[in-house]
**Student:** 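Here it is, the structure, as C-alpha cells.
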There are 2 protein chains.
Amino acid sequence: MDIRDVAKRAKVSTATVSRTINQVATVDTQLAKRVWKAVAELGYYPNRQARALVSGKSRVFGLIVSEITNPFFPEIVQTFETVAVEHNYEILLTSTIHDPKRMELAVRRMIEGRVDGVAILTFGMEDELLAHLRFRNLPLVFIDVGPKAPRVSNIRVDYAHGIRQAVQHLAAMKHERIGFVTGPLRLRSAAVRRDAFEESMREIGLPVKPEFIVAGDHRLEGGKRALQDLYKLREQPTALLCSNDMTAIGVMRQAFDLGIAIPRDLSVVGFDDIRMADFVIPPLTTVQMSQTELAKLAFDALLREVKRDDPTPDGTEYLLTTQLILRSSTTFPPDLGHARQPSASKRD
Amino acid sequence: MDIRDVAKRAKVSTATVSRTINQVATVDTQLAKRVWKAVAELGYYPNRQARALVSGKSRVFGLIVSEITNPFFPEIVQTFETVAVEHNYEILLTSTIHDPKRMELAVRRMIEGRVDGVAILTFGMEDELLAHLRFRNLPLVFIDVGPKAPRVSNIRVDYAHGIRQAVQHLAAMKHERIGFVTGPLRLRSAAVRRDAFEESMREIGLPVKPEFIVAGDHRLEGGKRALQDLYKLREQPTALLCSNDMTAIGVMRQAFDLGIAIPRDLSVVGFDDIRMADFVIPPLTTVQMSQTELAKLAFDALLREVKRDDPTPDGTEYLLTTQLILRSSTTFPPDLGHARQPSASKRD
DNA sequence: AAAATGTCCGTAAACGTTTACCACGCCGCT
DNA sequence: AGCGGCGTGGTAAACGTTTACGGACATTTT
C-alpha cells in the first residue's frame with residue numbers, strides 16, 4: 001500500500017497526496033478532505049526510506065555514546081530521543097564501549113545510514129576515523145574535544161568550576177589529604193577533570209601527593225580497585241574526589257567491604273550527579289553536570305547546523321556549567337590531626 | 001558518489017558492482033579486484049535507504065522499552081545492539097516512559113521506518129495500538145504478554161521460581177511478617193510478580209497481610225514512598241520483597257533516612273539483578289533475570305521469524321528462568337518474637 | 001474584451017540500489 | 001561441426017516518494 005493507492009482512492013494525483021500530507025502547498029479543501037479520508041481508510045503510512053532517497057535528507061541523527069550501560073548516558077539518550085521525535089527525527093544509536101573497532105563500525109553505520117548529523121558524546125574517543133565523517137561535510141557535535149571546523153559544534157564543559165567548589169568545600173572542613181580517582185586518561189574529559197583537581201588544590205595551597213592520584217575507569221569496578229590500592233598505602237587520604245559517580249559508588253562499595261565508614265572515616269565526592277547519586281547510602285555529594293541540558297544542547301546544535309546554509313568557518317561553541325551538590329557523603333576529617341585508627345566494621 | 005561512480009571507475013556495470021559487494025553471485029576475480037579498488041579509492045558506502053527501498057527489507061528492528069532510564073534496560077539495549085550489528089541490522093529504539101501517547105508514536109515510527117520486526121519489551125503495555133503492527137504481519141516478540149498468533153514470539157519468564165526461592169530463603173530464617181512492594185500493576189509482569197509472591201507465601205503457610213502489600217512504580221521514588229507508608233503501620237514487616245531492584249534501592253534509601261538498618265532491622269530482596277544491585281550498600285539479595293539472555297533471545301526470535309517463510313500459526317515460545325542471588329541485604333528478623341525497638345540512626 | 005497574473009493540480013523525472021532477463025562466449029558432448 | 005549447457009556480465013525495470021514544469025482555469029488589470 002503506497003501513495004498511489006491513496007491517490008487512486010481519493011481520485012487525485014500522487015502529487016496532490018504528497019502535498020496535502022506534507023502541507024507544503026495549498027490544496028483545495030475538498031480534495032484535501034478526500035485525501036485524508038483515503039489515508040485513514042487505508043491505514044497509509046509514508047515510507048521513510050523513499051522519502052529520504054528522493055529528498056536527500058534521512059531525518060536521522062546519529063548518537064554515539066561511550067557506554068549506554070553507564071547511567072550517565074541513558075538520561076541523555078532519553079531526552080535526546082524525546083526532543084528528536086518532536087522534530088520528526090529518528091536516532092541511530094550506538095555505544096562504542098571504549099572499543100576502537102566499534103568506533104570504526106559506528107562511523108560506517110552512520111555513513112551507510114546517511115544520517116543528517118552526528119552527536120559524538122564519547123568524551124574524547126575522537127580519532128582519524130572521524131575524518132570519514134568530516135569528509136562528508138556532516139554536521140557534528142562534540143563534547144569538549146571537537147576541532148575548529150565548519151559544521152562542527154562543540155559543547156565545552158566548565159569542569160573546573162564544580163571541581164573547584166568541591167575542593168573548597170573539603171578544604172573548608174579542614175581536609176588536607178585529598179585524593180583523586182581518575183577516569184580512563186586517554187579520554188580527554190578524564191584528563192581535564194584530573195587537571196582541574198590539581199589546579200584547584202594548588203590554588204588553595206594544598207599539596208597534591210602523586211600517590212593519592214589513582215587510576216579508575218569510570219566504572220564501578222575501577223572505583224573498587226582504586227580504594228583497594230589507596231588503602232595499601234601507609235597513609236591514606238581523608239577525602240576522595242572521583243572522576244565520575246560510578247567511580248564514587250565503587251569506592252563506597254569497597255569502603256563497605258573494608259569496614260571504612262563513609263563519611264566518618266572518608267569523605268567522598270562524585271562527578272556527574274546521576275540520578276542514582278541521591279539514592280546510594282549515604283547520598284553522594286557530587287558535581288552536577290546536567291545530562292538533560294547536554295542532550296538538548298547537542299540536538300539543538302545539530303538541528304541548527306542542518307538548517308544553516310552558510311556555516312561559520314570555526315563552528316559554534318556551547319557552554320555547559322557544573323556545580324557542586326551537597327549531600328551526605330562528606331564531613332570533617334576523622335581524628336583531626338591524629339594518626340588514623342582503623343575503624344570497626346559496620347556489619348554487626 | 002554512488003554505485004555508478006564505482007562502476008565507471010572499475011569499468012564494469014553497476015550490476016557487477018552490486019554483485020561483488022554483496023557476494024551474491026560469482027564474479028570474475030579480476031573484475032572483483034577492480035571493483036574493490038574503486039570502492040576503496042572513492043570511499044564508497046552503499047546507501048541503506050536505496051537498498052531498503054528496492055529489496056523491501058530495511059534491515060532494521062524496532063526495540064521498544066518502557067524506560068531506558070531504568071538500569072534494567074541499558075544492559076538489554078547494549079547486547080541487543082551488539083548482536084544486531086553482527087547480523088548487519090540496525091535498531092530503531094524508543095522508550096515509552098509508560099505513556100500511551102508515546103506508545104502510539106512509537107508504533108507510527110516503526111511503521112514509517114518499515115522495520116522488519118519489533119521487540120516490545122515493555123512488560124505489558126500492549127494495546128490495541130499493536131493491532132497496527134499485527135496488521136502488517138510484522139514479526140513481533142513480546143515478553144510475557146504476547147498473543148498467540150503467527151509471526152509473534154513470546155518470551156515467558158518464570159518469575160515464580162525465583163520468587164519462591166526468595167520467600168523460602170526468608171522463611172528459613174524465620175521471617176513471618178513478609179511484605180511486598182509491587183510495580184505498576186497495569187503492567188502484566190508486575191501483577192504476575194505479586195501473584196507469585198502471594199502464591200509462594202501460601203505454599204509455605206505464611207499469612208499474606210493485605211496491608212503489607214504496597215504499591216510502587218518500579219522506580220526509585222516508589223520504593224521510598226512504599227517504605228514510608230509501611231512505617232506508618234502499627235506493625236511492620238521484618239522482610240520486604242520488591243518487584244524490582246530500583247524499588248528495593250528506593251526502599252533502602254528511605255530506610256537510611258528513617259534510621260532503619262538494613263538488614264538488621266529489615267531484610268530486603270530485589271528483583272532483576274541489575275548491575276547496581278551488587279554495588280549498593282549493603283549489596284542487595286535479589287532474583288536474577290538475565291538481561292543479556294533476554295536481549296539475545298529477543299533478537300534471535302526476530303531473526304528466526306524474518307527468515308521463516310511459513311510461520312507457525314501460534315508463534316513460538318521461549319523461556320527465561322529466574323534465580324535467587326544471595327548477598328547481604330537479608331538476615332534473621334530482629335528481636336525474634338519481641339516487639340520492635342526503633343533503632344538508632346546510622347549517622348553519628 | 002483581451003491580456004496578464006495567480007491558483008491549483010497532474011505528469012513525469014529523479015533519488016541509488018537490486019535483480020530479472022537476456023546476450024555472449026566457452027566448454028564438452030554427440 | 002553443430003549444439004546444449006553453463007558461467008558470467010550488462011541492460012533496464014522497479015522500489016515509493018518529492019518536486020520541477022507546464023496546463024487549465026479563475027481572477028484581476030488594462
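In what follows, chains are A, B, ... by sequence order, proteins preceding strands, each numbered from 1. Excluded from the calculations below are hydrogen atoms, water molecules and symmetry mates; all remaining heavy atoms, backbone and side chain alike, are included.
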**Student:** Mind checking A:Val24 for me? I need base, sugar-phosphate or nothing, with any heavy atom below 4.0 Å counting as a touch.
**Tutor:** nothing
**Student:** Between C:dC26 atom C1' and B:Asp28 atom CG, what is the distance in whole Å?
**Tutor:** 14 Å
**Student:** Are B:Ser13 and D:dG9 close enough that a side-chain N or O sits under 4.0 Å from OP1 or OP2?
**Tutor:**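 The answer is no; no side-chain N or O of B:Ser13 sits under 4.0 Å from OP1 or OP2.
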**Student:** Taking atom P of C:dT19 as reference, at what distance in whole Å does atom CG of B:Asn22 sit?
**Tutor:**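 From B:Asn22 CG to C:dT19 P: 8 Å.
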**Student:** D:dG9 C1' sits how many Å from B:Leu31 CG, rounded?
**Tutor:** 8 Å
**Student:** Looking only at non-hydrogen atoms, find the nearest pair between A:Val118 and A:Leu138 and report the distance.
**Tutor:**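 It is CG2-CD1, 4.3 Å.
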**Student:** Choosing from D:dG10, C:dG10, C:dT19, which nucleotide comes nearest the side chain of B:Ser18?
**Tutor:**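 Of the candidates, C:dT19 comes closest.
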**Student:** Do A:His218 and A:Phe72 have ring centres separated by under 6.0 Å?
**Tutor:** no
**Student:** Have a look at A:Arg19 and say if it touches a base, only the backbone sugar-phosphate, or nothing, with a 4.0 Å heavy-atom cut-off.
**Tutor:** base
**Student:** Starting from the C-alpha separation in whole Å, work towards a yes-or-no answer on side-chain contact (heavy atoms from CB on, under 4.5 Å) for A:Ile76 and A:Leu121.
**Tutor:** CA-CA 10 Å; A:Ile76 291 182; A:Leu121 308 185; 3.7 Å; yes
**Student:** Check the distance between C:dC9's P and A:Ile21's CD1 and give it to me in whole angstrom.
**Tutor:** 15 Å
**Student:** What is the distance, rounded to the nearest whole Å, between atom CZ of A:Arg59 and atom P of D:dT17?
**Tutor:**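 Between P of D:dT17 and CZ of A:Arg59: 16 Å.
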**Student:** Could you tell me whether B:Glu104 and B:Arg108 make a salt bridge, using a distance below 4.0 angstrom between a side-chain N and a carboxylate O?
**Tutor:** no
**Student:** Between the protein and nucleotides 13-16 of chain C, which nitrogen or oxygen pairs come in under 3.5 angstrom?
**Tutor:**
| residue | atom | partner | partner atom | Å |
| --- | --- | --- | --- | --- |
| C:dC15 | O2 | A:Val54 | N | 3.4 |
| C:dG16 | OP2 | B:Arg4 | NH2 | 3.4 |

**Student:** Going by ring-ring contact (aromatic ring centres under 6.0 Å, His included), name the residues that satisfy it together with A:Tyr89, two or more places apart in sequence or in a different chain.
**Tutor:**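 By the ring-ring contact (aromatic ring centres under 6.0 Å, His included) rule, A:Tyr89 matches A:Phe61.
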**Student:** C:dT7 phosphate, OP1 or OP2: any side-chain N/O from A:Thr26 under 4.0 angstrom?
**Tutor:**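 So the side chain of A:Thr26 is outside the cut-off, no N or O lying under 4.0 Å from OP1 or OP2 of C:dT7.
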**Student:** B:Phe142 and B:Ile155: side-chain contact (heavy atoms from CB on, under 4.5 Å), yes or no, with the steps?
**Tutor:** CA-CA 6 Å; B:Phe142 288 89; B:Ile155 302 175; over 6 Å; no
**Student:** side-chain hydrogen bond (donor to acceptor under 3.5 Å, both in side chains) with B:Arg156: which residues, sequence neighbours excluded?
**Tutor:** B:Glu317
**Student:** Which is more 5' along DNA chain D, the nucleotide nearest A:Val17 or the one nearest B:Val12? Just name the residue.
**Tutor:** B:Val12
